Each structure stands twice: as C-alpha cells, then as structure tokens.
Protein chains: 2
Amino acid sequence: MSDLLERLRGRGWRMTAQRRVVAEVLEGDHVHLTADEVHARAVVRLPEISRATVYNTLGELVSLGEVLEVATDKRAKRYDPNAHRPHHHLVCARCGAIKDVHPGGNPLADLPDSERFGFTVSDVEVTYRGVCPTCAAA
Amino acid sequence: MSDLLERLRGRGWRMTAQRRVVAEVLEGDHVHLTADEVHARAVVRLPEISRATVYNTLGELVSLGEVLEVATDKRAKRYDPNAHRPHHHLVCARCGAIKDVHPGGNPLADLPDSERFGFTVSDVEVTYRGVCPTCAAA
DNA sequence: AATTGACTTAGACAATGTCTATTGTAGGAT
DNA sequence: ATCCTACAATAGACATTGTCTAAGTCAATT
Ligand SMILES: [Mn+2]
Ligand SMILES: [Mn+2]
Ligand SMILES: [Zn+2]
Ligand SMILES: [Zn+2]
C-alpha cells in the first residue's frame with residue numbers, strides 16, 4: 001500500500017478500484033503524465049475505467065495537494081506526484097522529455113516589490129528549456 | 001506603419017490585409033491575447049478574416065521570433081509581441097490578469113551543471129502566481 | 001443484508017488547435 | 001496596365017483536450 005493511498009484513506013476518501021489504479025499509475029516521483037496517458041495506463045489494469053473518472057480523480061488529487069498540475073508543454077496539462085518536495089522542470093524542446101531540477105537561488109526573492117504591482121505573490125514556476133543528450137546526438 | 005510590419009516586409013513577407021490586421025491587433029508591448037481573442041479583434045476591422053489565417057499568421061510570427069508563445073494559464077496559449085526585451089510574467093490566479101515583470105538575478109545561472117543532466121539549456125521561463133489588488137479587494 | 005449517498009460511466013458538448021481542398025490575390029514579369 | 005503564378009486565405013472537417021449530465025453502481029455504515 002502506497003503512502004499516497006494511506007494519506008487519501010486518512011482524509012476520508014472512499015476507496016474504489018478506479019482511484020486505486022490512478023494512484024498506482026502515479027507511483028514514483030519522476031512521472032509527468034497527461035490525463036490521457038494516465039488513462040491509457042489505467043486501462044491496462046482496469047479496462048472499464050472511464051476518461052471522466054481519470055479526470056475527476058486527478059482533479060481531486062490536485063485539490064488535495066497530493067499531485068501538481070504542471071504546464072511544461074503548451075498542450076495538455078501534466079500531473080506530477082512529486083508534490084512534497086518543491087522543484088522545477090527541465091524540458092527537451094525536441095522530444096518533450098522532462099526532468100525534475102532543484103536550482104539554487106530563490107526566484108521569489110528575486111522579484112522586487114517594484115515589480116509586484118500590488119499582487120500578493122505566492123508561488124513561482126520555473127521551466128528550463130533545452131535539448132536533451134539523446135536529441136543532441138541524433 | 002509599425003516597427004513590426006516594417007521588419008516583416010524586410011523579411012520578404014507578402015503583405016496582405018489579414019496579416020496587417022493581425023499585426024495591428026498585437027501592437028503595444030503589454031498584450032497577452034489568445035489566438036481566438038486576436039481573431040475576435042481582427043474581425044472588427046476585417047470581418048471576413050478566418051480563424052485559420054489568424055492561427056497561421058500567429059504561428060509564422062512565432063517562427064520569425066517576432067512574437068512569443070506563453071503558457072501562463074493552462075488553457076489557451078497566449079501571444080506576446082514583447083519579444084525583444086526578455087521578461088517574465090506575473091499572473092493573477094483568480095482573474096488571469098497578466099503583468100510583465102523583470103526580476104533581478106539570472107535563473108539560468110542558478111541551475112548548476114549537476115542539475116542539467118547533459119541538456120544544452122538555452123532558455124528559462126518564469127511564471128509568478130498570486131492575487132492581484134483588484135481580486136484581493138473583492 | 002439493506003441502505004444510501006458518493007462514485008463511475010457513456011457519451012454529448014465545449015474549447016482549442018490542425019489540416020485540406022478550393023478559391024483568391026500580391027507582387028513580379030511582360 | 002495586364003498577366004501569371006506561387007503564396008496566402010477561406011470554410012469547414014477533423015483532432016485533441018477537457019467538462020458536464022443523467023443514469024446506473026457500489027463502498028461503507030448500520
Ligand atoms: Mn516534477
Ligand atoms: Mn509579456
Ligand atoms: Zn530530447
Ligand atoms: Zn485578479
């Protein structure tokens with residue numbers, strides 16, 4: 001039984017086969033799948049699971065703070081189970097490969113008050129872009 | 001005649017009424033419109049312009065480096081004509097308002113070699129999120 | 001085992017983006 | 001000024017991603 005499922009049970013989640021499978025697909029901290037990729041993998045274990053349930057479950061996991069939504073590419077949202085250690089992303093512009101990175105520095109502190117326009121700034125998302133070794137070789 | 005149109009003409013662009021209107025809609029450096037917002041504004045001046053042409057023209061402007069594609073919200077891409085002064089974005093999580101910001105520091109330098117996984121890193125996109133003064137008051 | 005409200009499902013619908021076949025035209029050639 | 005043609009625009013089909021609803025199902029409590 002994964003940590004994630006334990007926490008969800010503790011939060012009063014009704015445990016269903018569908019939710020279990022979605023959580024299992026997200027196991028491992030270095031996964032960044034789209035909703036339909038999650039669905040495709042879930043169907044292997046539970047053929048009758050629907051797209052709607054996958055979308056619903058992912059949305060709930062995001063609301064609970066157990067999974068992050070990231071916009072590394074400009075198409076589908078990606079779902080990141082590594083929600084408990086802050087990090088950013090490095091994306092290959094050619095193949096879309098995504099790596100978790102932990103830069104030094106504090107980008108939030110780098111935004112002076114004069115550049116905040118009265119906003120209450122709470123979060124910063126950093127996406128590095130480049131070309132991965134595999135794509136550079138090819 | 002705008003700088004943008006001058007540069008495009010210089011690059012051998014065939015000048016059409018449609019391209020002129022799209023460029024005019026993007027005039028001003030602090031605009032961050034979706035493709036369909038560009039289309040809606042273009043239609044006011046040129047009622048018969050098609051969605052396909054707006055998408056095509058925006059895509060060409062991006063290829064030419066005259067306009068940036070930004071993914072500040074997780075829905076439609078936004079098109080940013082402020083391509084010649086590097087900057088980042090501050091987004092209101094409630095209403096979606098977008099501000100250009102120029103943080104201090106150099107996020108690219110903050111990514112050590114040990115966190116680059118052999119990538120050739122060429123670019124970094126920073127999105128600050130918070131609540132704007134208007135939304136905070138309401 | 002019965003109950004019940006939360007959960008799942010299929011598929012319609014919506015929003016965004018892409019592609020193709022056809023028609024139109026900008027700009028150079030004559 | 002007119003013609004020519006490669007490039008551009010159009011309508012609308014299609015694709016992808018995401019949301020919603022009505023009806024059926026089931027997990028957890030009793
Ligand atoms: Mn991650
Ligand atoms: Mn901008
Ligand atoms: Zn790559
Ligand atoms: Zn706001």
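Not measured: the values here are computed from a predicted model. All chains are named by letter (A, B, ...) in the order of the sequence lines, taking the proteins before the strands, and each is independently numbered beginning at 1.
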Protein-nucleotide distance (A:Arg9, atom CZ; D:dA27, atom P), rounded to Å: 12 Å
Smallest separation among heavy atoms of B:Val131 and B:Cys92, with atom names: CA-SG, 4.1 Å
Quiz item: B:Arg14 side-chain donor-acceptor pair to D:dA8 base, under 3.5 Å: no
Crowding at CZ, B:Arg116 (>12 non-hydrogen neighbours, <6.0 Å): yes
Residue B:Thr53, side-chain atoms from C-beta onward, closest of D:dT10, C:dG17, C:dT9: D:dT10
Nearest-Å distance for atom pair CD1/P, residues B:Ile49 and D:dA11: 10 Å
d(CD, A:Gln18; C1', C:dA10) in whole Å: 14 Å
Position toward the 5' end of DNA chain D (nearest nucleotide), A:Lys77 or B:Glu48: B:Glu48
Atom-pair distance (CG on A:Leu8; P on C:dC7), nearest Å: 12 Å
Whichever of A:Leu46 and B:Thr16 has its nearest DNA chain C nucleotide further upstream toward 5': A:Leu46
Between C:dG11 (C1') and A:His39 (NE2): distance, integer Å: 13 Å
Short side-chain N/O contact to D:dT16 OP1/OP2 from A:Arg75, under 4.0 Å: no
Spacing of A:Asn56 atom CG relative to D:dT21 atom P, expressed in whole Å: 12 Å
Proximal nucleotide (of C:dC7, D:dT10, C:dG17) relative to the A:Arg19 side chain: C:dC7
Nearest-angstrom distance from the residue atom CZ of B:Arg11 to C1' of D:dC7: 18 Å
Straight-line distance of A:Leu108 CG to A:Asp123 CG, nearest 0.5 Å: 7.0 Å
Side-chain touch B:Val62/B:Leu68, heavy atoms, less than 4.5 angstrom: no
Spacing between A:Asp73 atom CG and C:dG17 atom C1', to the nearest angstrom: 13 Å
Sugar-phosphate, base or nothing in reach of B:Arg51, heavy atoms under 4.0 Å: base
Student check: side-chain heavy atoms of B:His30 and B:Ile98 closer than 4.5 Å: no
Any A:Tyr55 side-chain N or O less than 4.0 Å from OP1/OP2 of D:dT19: no
Nearest-nucleotide comparison on DNA chain C, the residue closer to the 5′ end among A:Ala52 and A:Glu60: A:Glu60
